[in-house]
There are 2 protein chains.
Amino acid sequence: MLNITRKVEYALIALRHMQSKSDNTLTSANEVAKQYGVPRELLAKTLQQMAHHNILEAVQGPTGGYKIVAELDQISLKDFFEKLEGPLGMMDCYFDSDCVQIANCNIRVPIQRINNNMRDMFSQMTLQEVTQ
Amino acid sequence: MLNITRKVEYALIALRHMQSKSDNTLTSANEVAKQYGVPRELLAKTLQQMAHHNILEAVQGPTGGYKIVAELDQISLKDFFEKLEGPLGMMDCYFDSDCVQIANCNIRVPIQRINNNMRDMFSQMTLQEVTQ
DNA sequence: TTATATACGATAAAATTAGTCCTATTTAAT
DNA sequence: ATTAAATAGGACTAATTTTATCGTATATAA
């Protein structure tokens with residue numbers, strides 16, 4: 001329960017790897033996949049997703065790869081998680097309002113309190129803190 | 001991602017329902033299942049689990065049911081979650097140390113930092129706060 | 001004796017997550 | 001030009017986890 005996904009895990013591994021390199025050096029999906037024993041295809045998709053969200057910049061062709069272009073201390077963990085996995089809520093009813101039991105639900109307010117606490121926590125942590 | 005389970009959800013619904021009743025009145029699984037449109041069997045198992053952890057007391061036979069016996073303000077959300085779902089960590093490697101990639105893993109420390117933050121947060125919230 | 005409750009193991013169904021496959025496009029190097 | 005190595009991304013399969021159900025036993029009030 002309350003686990004993060006492999007996708008996020010792989011994304012963090014890649015980011016941390018890139019940060020450890022000297023400036024502007026490109027990193028390919030292959031390089032990360034080999035070094036950390038991570039599935040190449042899934043990792044590649046994740047890198048593409050990060051590029052799409054302007055966290056990374058992609059360079060195509062051989063000798064291509066990715067590099068970090070965002071200010072990681074400006075991206076909260078909450079935003080990062082949501083970019084990769086969509087809205088972050090411990091219960092679906094936090095976002096869905098079509099729950100059929102809604103009239104009878106007695107834990108909506110309490111759960112939102114929990115959710116807010118968790119969202120606040122991840123809003124206060126930056127990607128930089130995690131990957132530095 | 002980072003969702004709580006239905007089991008925990010049902011447990012919270014049941015607790016909140018019991019708290020809203022006058023002292024020492026028993027509540028059956030059927031009663032909760034009907035009122036909140038929740039699967040009876042799964043709810044029953046969850047109530048049994050809470051009884052086993054001395055949060056509830058079970059009374060058998062017809063007219064039987066459950067009542068709260070624990071001090072809910074003495075039980076952290078972290079403990080509650082772990083009683084129902086086992087160790088609470090965003091990544092398995094927080095507990096498992098047999099990860100084959102461990103030698104190459106560059107995010108173990110960062111992830112544990114995140115995990116600790118989350119665990120701290122849930123350690124500071126009590127069941128009472130949620131169900132009151 | 002009956003009906004209704006808890007107790008609990010086993011299993012099935014559903015949903016989510018994880019991983020793979022395939023084809024296209026880009027581009028540096030030869 | 002051709003080749004090789006990279007990103008891009010859709011479709012699909014496999015694995016895992018979560019959710020729900022089934023079946024049987026036991027307890028006990030009426």
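Each chain gets a letter, A, B and so on, in the order its sequence line appears, and its residues count up from 1.
Between the CE atom of Met1(B) and the P atom of dT16(C) there is a distance of 15 Å, rounded to whole Å. Distance NZ (Lys45(A)) to C1' (dG19(C)): 10 Å, rounded to an integer number of Å. As a whole-Å value, the separation of His52(B) NE2 from dC8(C) P is 7 Å. The separation between Gln48(B) atom CD and dA20(D) atom C1' is 15 Å, rounded to whole Å. Look at CZ on Arg6(B): it is 19 Å from P on dT17(D), rounded to the nearest Å. Atom P of nucleotide dT18(D) and atom NZ of Lys7(B) are separated by 9 Å, given to the nearest angstrom. As rounded to whole Å, 15 Å separates atom P of dT17(D) from atom CG of Leu2(A). Rounded to whole Å, atom C1' of dT4(C) lies 13 Å from atom OH of Tyr66(B).
At the heavy-atom level, Ala44(A) lies nowhere under 4.0 Å from the strands shown. Among the protein residues, Ala51(A) comes within range of no part of the nucleic acid, since none of its heavy atoms lies under 4.0 Å from any strand.
Along DNA chain C, the nucleotide nearest Pro62(A) and the nucleotide nearest Leu47(B) are compared for position; the residue whose nucleotide lies closer to the 5' end is Leu47(B). Where Gly64(B) and Leu42(A) each meet DNA chain C at their nearest nucleotide, the meeting point lying more 5' is that of Gly64(B). Residues Glu85(B) and Gln60(B) both approach DNA chain D. Their nearest nucleotides, taken by heavy-atom distance, put Glu85(B) toward the 5′ side.
By the 6.0 Å contact criterion, CD on Gln132(A) is enclosed, its count of non-hydrogen atoms from other residues, nucleotides or ligands being greater than 12. At most 12 heavy atoms of other shown residues, nucleotides or ligands fall within 6.0 angstrom of atom NZ in Lys34(B).
To the nearest 0.5 Å, atom CZ of residue Arg113(A) and atom CE of residue Met125(B) are 7.5 Å apart. One distance of note links OG1 of Thr131(B) with CE of Met18(B); it measures 11.0 Å at 0.5 Å rounding.
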Just do the side-chain hydrogen bond (donor to acceptor under 3.5 Å, both in side chains) check on Gln128(B) and Gln74(B) with the steps written out, would you? CA-CA 8 Å; Gln128(B) 176 67 24; Gln74(B) 298 298 307; over 6 Å; no
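Between Tyr10(B) and dA20(D), a side-chain N or O to OP1/OP2 separation shorter than 4.0 Å is present. Contact annotation: Asn30(B) side-chain N/O to dT4(C) OP1/OP2 distance is not under 4.0 Å.
Checked against dT19(D), dG9(D), dA20(D), the side chain of Pro39(B) finds its nearest nucleotide in dA20(D).
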